[in-house]
Amino acid sequence: MPAYYLEALTVTLGIVLLMAEAFCSCKSKAWVGISAAIGLAVILGLTFIAIGPESRAYGLREINEVATLAPKFPGTWHDWPLWNFYNFDGLAKFYKAFALVTTILVLLLAVDFRKILARFTEGPESENGTGEYYALPVFACAGMMWLASARDLAGAFVALELVTVTFYILVAYMRRNVGSLEAGVKYLILGALSTGFLVYGIAWVYGNTGTMNLDVIGGMLQDGRSAQIQLTPLLFGIALVLVGLGFKMGAVPMQIWIPDVYQGAPTPTTAFLSVGSKAAGFILTIRFLEPFLSSDLTRGPVVTILLIMACATLLFGNLAAIPQTNFKRLLAYSSIAHAGFLLLALAAGKGAAAELSSAKVVSFYLATYLLMTLGVFFILAQVRIQRDGENISDFNGLGKTNPQLALSLTVLLAALAGVPLTAGFWGKFFVFSLAVDAKLWVGVGIAFISAAAGFYYYFNVIRAMWWAAPPNDKAIVLPCISKVVIAVLTIAVIVFGTWAQPIWALLK
């Protein structure tokens with residue numbers, strides 16, 4: 001099956017769900033979320049058998065299939081113009097799978113969170129206003145999948161805007177909640193500002209290179225045509241693009257929206273922003289920077305820009321997280337801090353080991369971050385529903401009322417901090433390895449201080465669970481979906497902490 005069918009199937013699934021929800025009179029809308037998750041799981045399976053021009057498995061049958069789809073284009077299937085805009089290498093396949101897994105888990109989280117969604121949309125007795133909430137993440141997933149295959153800046157921008165516009169709706173979805181509406185306005189204003197930076201930067205890059213195709217730009221920088229490029233305007237354009245992408249990555253200087261939006265948005269949306277939006281920003285950043293980091297002409301200045309962004313992001317995220325009392329805001333600043341580690345890996349480039357590249361380390365880090373963060377949000381959602389709060393104090397005594405749940409959260413938070421024998425440890429370890437190999441000593445020093453600060457604010461939540469007295473003796477009862485997902489994610493964090501080869505195998 002040609003790889004570009006994956007996005008077509010995802011968009012079709014979203015449209016079918018919207019139409020079915022509109023004409024179905026069911027009182028509960030949970031079936032929409034379950035159907036969306038099942039549909040995306042099927043597409044996830046198809047991802048591993050899909051093929052593109054980079055695949056050796058592309059045989060005569062697939063060539064003939066492409067030929068029947070595009071009879072107007074002469075030549076072989078390699079010549080079909082779509083492949084000039086669509087990439088399906090190993091990295092693209094990994095991030096498509098990443099987007100699908102993230103969206104499936106977010107949809108399952110939303111199903112268990114529907115009581116709060118209903119309260120702040122139509123009312124506590126009706127779920128009529130929640131059906132679209134399960135379909136919208138499917139369209140965001142399609143945008144993230146297109147981003148993973150982007151090889152042209154114009155196409156990448158359109159895909160990124162599909163993701164961003166969908167999030168505008170998801171953030172402000174609880175229209176009867178002032179915090180959600182405030183978060184939506186802030187996200188919209190700063191999102192529009194970042195789009196301006198991004199488009200202006202792309203215009204500068206295009207003006208200096210004469211193309212938006214990243215492969216062509218890479219070729220120009222590698223051969224003799226680099227003499228035609230004016231370095232200063234090109235670097236100005238690169239810096240503007242990175243500022244715009246910083247909004248999606250959660251990096252300085254476009255990180256200021258994150259705490260308020262994370263706190264005000266519905267918890268499933270916050271989880272989606274924390275993992276899916278961040279991954280979308282980083283895959284596009286990897287694609288965009290690849291030609292510039294491979295050229296001697298631009299590598300030095302680009303590394304300097306990335307290092308400055310990484311250090312500022314690490315310091316801001318970790319130091320601002322220390323005094324937080326709201327758990328959602330703590331996770332927001334934590335998300336900024338993790339973006340700093342990822343930017344440090346990008347600045348470092350390739351390590352001493354040939355297989356250890358910045359793109360692979362960033363992808364590995366994001367894979368482990370997905371497991372840890374979504375597990376934490378599943379637990380936070382149930383605390384929000386059953387204890388009606390999101391402060392750290394709302395976790396007081398969880399170890400006494402729900403020892404198994406508290407143990408899972410302890411493992412997940414320890415992994416986020418980077419405790420050995422958890423998946424989070426290996427992510428930070430590889431980032432430090434790359435930075436040391438690249439001799440980025442300033443970045444290594446700041447990252448070390450930041451990692452130490454992370455232990456303090458993560459373990460502050462652990463202390464509240466195990467040492468503080470519970471507000472009452474009532475235990476939190478987990479729904480079946482949340483119980484299974486939390487158990488699976490916790491076990492995965494421990495397993496990948498001692499055996500990370502399956503993730504590396506996916507990256508290869």
Q: Provide the full list of salt bridge (charged side-chain N to carboxylate O under 4.0 Å, His left out) pairs with a residue in residues 264-273, sequence neighbours left out, each pair given once.
A: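 Every pair satisfying salt bridge (charged side-chain N to carboxylate O under 4.0 Å, His left out) with a residue in residues 264-273: there are none.
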
Q: Using a cut-off of 6.0 Å, state whether more than 12 heavy atoms not belonging to F157 lie near its atom CZ.
A: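 For F157, atom CZ is crowded (more than 12 foreign heavy atoms under 6.0 Å).
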
Q: Write down the atom of T166, the atom of L136, and the distance for their closest heavy-atom approach.
A: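 That would be CG2-O, 3.2 Å.
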
Q: Starting from the C-alpha separation in whole Å, work towards a yes-or-no answer on ring-ring contact (aromatic ring centres under 6.0 Å, His included) for Y365 and F430.
A: CA-CA 8 Å; Y365 195 111; F430 291 130; over 10 Å; no

Q: Go through the steps to decide whether Y86 and W146 satisfy the test side chain to side chain contact (heavy atoms under 4.5 Å, CB included), and finish with yes or no.
A: CA-CA 8 Å; Y86 192 93; W146 268 314; 4.3 Å; yes

Q: Measure the shortest side-chain to side-chain distance between L242 and L289 over non-hydrogen atoms and say whether it is less than 4.5 angstrom.
A: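 Side-chain contact under 4.5 Å: yes.
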
Q: Is a side-chain N or O of N177 found less than 3.5 angstrom from the main chain of M174, in a donor-acceptor match?
A: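 Pair absent, no side-chain N/O of N177 close to backbone of M174.
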
Q: How long is the span from the CZ atom in F288 to the CG atom in L245, to the nearest 0.5 Å?
A: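 Going from the CZ atom of F288 to the CG atom of L245 covers 7.5 Å.
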
Q: Please report the closest heavy-atom contact between L416 and K428, naming both atoms and the distance.
A: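 Closest heavy-atom pair between L416 and K428: O-NZ, 2.9 Å.
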
Q: Nearest 0.5 Å please: distance from the CG atom of N396 over to the CG atom of N391.
A: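 Taking CG in N396 and CG in N391, the distance rounds to 10.0 Å.
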
Q: As a quick check of understanding, evaluate side chain to side chain contact (heavy atoms under 4.5 Å, CB included) for L153 and L214, giving each step before the final call.
A: CA-CA 7 Å; L153 290 174; L214 295 170; 4.0 Å; yes

Q: Provide the closest heavy-atom pair for V241 versus G201 in the form atom of the first, atom of the second, distance.
A: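 Smallest interatomic distance, heavy atoms only, reads CG2-C, 3.5 Å.
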
Q: Name all residues meeting the side chain to side chain contact (heavy atoms under 4.5 Å, CB included) criterion together with F429; count only those two or more places apart in sequence or in a different chain, and write none if there are none.
A: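 F429 satisfies side chain to side chain contact (heavy atoms under 4.5 Å, CB included) with F425, W426, S433 once adjacent residues are dropped.
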
Q: Would you indicate whether the side-chain heavy atoms of L380 and K328 approach each other to under 4.5 Å?
A: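 The answer is yes; the side chains approach within 4.5 Å.
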
Q: Please determine whether side chain to side chain donor-acceptor pair (under 3.5 Å) holds for the pair Y333 and Q255, giving the CA-CA distance in whole Å, both sets of side-chain angles, and the decisive distance to 0.1 Å.
A: CA-CA 9 Å; Y333 287 111; Q255 87 294 351; over 6 Å; no

Q: Look only at the side chain of S294 and the backbone of E290, and say whether a donor-acceptor pair between them is shorter than 3.5 Å.
A: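 Yes, S294 side chain to E290 backbone: donor-acceptor pair under 3.5 Å.
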
Q: Name all residues meeting the side chain to side chain contact (heavy atoms under 4.5 Å, CB included) criterion together with S408; count only those two or more places apart in sequence or in a different chain, and write none if there are none.
A: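 So S408 forms a side chain to side chain contact (heavy atoms under 4.5 Å, CB included) with I379, I486, T490.
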
Q: What residues, two or more places apart in sequence or in another chain, satisfy side chain to side chain contact (heavy atoms under 4.5 Å, CB included) together with V495?
A: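 V495 satisfies side chain to side chain contact (heavy atoms under 4.5 Å, CB included) with I491, W499 only.
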
Q: Under a 3.5 Å distance rule, please check whether S180 uses its side chain to pair with a backbone N or O of V171 as donor and acceptor.
A: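 Yes, because the side chain of S180 sits within donor-acceptor range (under 3.5 Å) of the backbone of V171.
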
Q: Within a strict 4.5 Å, meaning less than it, do heavy atoms of the T285 and L342 side chains meet?
A: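 T285 vs L342: side chains apart.
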
Q: State, yes or no, whether a side-chain contact exists between R384 and F113 at a heavy-atom distance under 4.5 Å.
A: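 Side-chain contact under 4.5 Å: yes.
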
Q: So how far is it from I392 CD1 to R463 CZ, rounded to the nearest 0.5 Å?
A: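 Interatomic distance, I392 CD1 to R463 CZ, rounded to 0.5 Å: 8.5 Å.
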
Q: Can you list everything that forms a side-chain hydrogen bond (donor to acceptor under 3.5 Å, both in side chains) with S149? Sequence neighbours excluded, please.
A: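 Testing S149 for side-chain hydrogen bond (donor to acceptor under 3.5 Å, both in side chains), a comparison that skips the adjacent residues, returns K96.
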
Q: Among residues at least two apart in sequence or on other chains, which ones pass ring-ring contact (aromatic ring centres under 6.0 Å, His included) with F455?
A: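 F459.
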
Q: For residues 306-320, which side-chain N or O atoms pair as donor and acceptor with protein atoms under 3.5 Å away, sequence neighbours left out?
A:
| unit_1 | atom_1 | unit_2 | atom_2 | d |
| --- | --- | --- | --- | --- |
| T313 | OG1 | V252 | N | 3.0 |
| T313 | OG1 | M309 | O | 2.6 |
| N318 | OD1 | Y457 | OH | 2.7 |
| N318 | ND2 | L314 | O | 3.0 |

Q: Between L240 and V199, is a side chain to side chain contact (heavy atoms under 4.5 Å, CB included) present by the stated rule, with each step listed?
A: CA-CA 9 Å; L240 288 173; V199 173; over 6 Å; no

Q: Pairs under 3.5 angstrom only: tabulate donor-acceptor contacts from the side chains of residues 268-284 to other protein residues two or more places apart or in another chain.
A:
| unit_1 | atom_1 | unit_2 | atom_2 | d |
| --- | --- | --- | --- | --- |
| T269 | OG1 | Y133 | OH | 2.5 |
| T269 | OG1 | L170 | O | 3.2 |
| T270 | OG1 | Y262 | O | 3.0 |
| T270 | OG1 | P266 | O | 3.2 |
| S274 | OG | Y369 | OH | 2.9 |
| S277 | OG | K248 | NZ | 3.3 |
| K278 | NZ | M249 | O | 2.8 |
| K278 | NZ | S335 | O | 3.1 |
| K278 | NZ | S335 | OG | 3.0 |

Q: Could you tell me how the ring of Y187 sits relative to the ring of Y168: parallel (under 30°), tilted (30 to 60°) or perpendicular (over 60°)?
A: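 Y187 and Y168: perpendicular rings.
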
Q: Compare every heavy atom of P291 with every heavy atom of G218, then report the nearest pair and how far apart it is.
A: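 Scanning both residues, the minimum pair turns out to be CA-CB, 3.5 Å.
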
Q: I want to check something: taking the side chain as every heavy atom from C-beta on, are S393 and T325 in contact at a cut-off of under 4.5 Å?
A: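 The answer is no; the side chains never approach within 4.5 Å.
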
Q: To the nearest 0.5 angstrom, please state how far the CG atom of L346 sits from the OG atom of S357.
A: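 Answer rounded to 0.5 Å: 10.0 Å.
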
Q: Determine, stepwise, if the pair C141 / L100 fulfils side chain to side chain contact (heavy atoms under 4.5 Å, CB included).
A: CA-CA 6 Å; C141 180; L100 287 163; 3.6 Å; yes

Q: Test of understanding: with side chain to side chain contact (heavy atoms under 4.5 Å, CB included), list the residues that count as partners of I476, not counting sequence neighbours.
A: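 Partners of I476 under the side chain to side chain contact (heavy atoms under 4.5 Å, CB included) test: Q382, V383, Q386, R387, L398, N402, L405, L478.
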
Q: R299: what forms a salt bridge (Lys or Arg N to Asp or Glu O under 4.0 Å) with it, not counting sequence neighbours?
A: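 Counting only residues at least two positions away or on another chain, R299 forms a salt bridge (Lys or Arg N to Asp or Glu O under 4.0 Å) with D296.
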
Q: Quick check: do T373 and L331 have side-chain heavy atoms less than 4.5 Å from each other?
A: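 Result no, sub-4.5 Å side-chain heavy-atom pair not found.
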
Q: Taking the side chain as every heavy atom from C-beta outward, state whether L235 and L231 have any pair of such atoms under 4.5 Å apart.
A: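 A side-chain contact exists here, since the closest heavy-atom pair is under 4.5 Å.
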
Q: Which one of D215, N213, T209 satisfies the side chain to side chain contact (heavy atoms under 4.5 Å, CB included) criterion with M220?
A: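 Exactly one option meets the side chain to side chain contact (heavy atoms under 4.5 Å, CB included) with M220, and it is T209.
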
Q: When rounded to the nearest 0.5 angstrom, what distance separates OG1 in T103 from CZ in F98?
A: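 Spacing of OG1 (T103) from CZ (F98) equals 9.5 Å.
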
Q: Which residues pass the salt bridge (Lys or Arg N to Asp or Glu O under 4.0 Å) test with D260, not counting sequence neighbours?
A: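 If we apply the salt bridge (Lys or Arg N to Asp or Glu O under 4.0 Å) test to D260, skipping adjacent residues, the hits are K186, R329.
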
Q: Are S363 and Y95 linked by a side-chain donor-acceptor pair shorter than 3.5 Å?
A: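 Y95 and S363 do have a side-chain donor-acceptor pair below 3.5 Å.
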
Q: Looking at every non-hydrogen atom in both residues, tell me the closest pair between S482 and F378 and how far apart they are.
A: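 Where S482 meets F378 most closely, the heavy atoms are OG-CD2, 3.7 Å.
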
Q: Any side-chain heavy atom of W257 sitting closer than 4.5 Å to one from F247?
A: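 Yes; the side chains approach each other to less than 4.5 Å.
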
Q: Name all residues meeting the side-chain hydrogen bond (donor to acceptor under 3.5 Å, both in side chains) criterion together with T10; count only those two or more places apart in sequence or in a different chain, and write none if there are none.
A: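 Listed in chain order: nothing, the list is empty.
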
Q: Within the side chain of T422, is there an N or O that forms a donor-acceptor pair under 3.5 Å with the backbone of V419?
A: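 Checking the backbone N and O of V419 against the side chain of T422, a donor-acceptor pair under 3.5 Å is found.
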
Q: Could you grab the distance from atom CG of L413 to atom CZ of F395, nearest 0.5 Å is fine?
A: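 If I round to the nearest 0.5 Å, the distance is 8.5 Å.
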
Q: Take the angle between the ring planes of H338 and Y458 and call it parallel below 30°, perpendicular above 60°, tilted in between.
A: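 Aromatic pair H338/Y458 classed tilted.
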
Q: Which heavy atom in I238 sits nearest to a heavy atom in V205, and how many Å separate them?
A: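 That would be N-CG2, 4.1 Å.
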
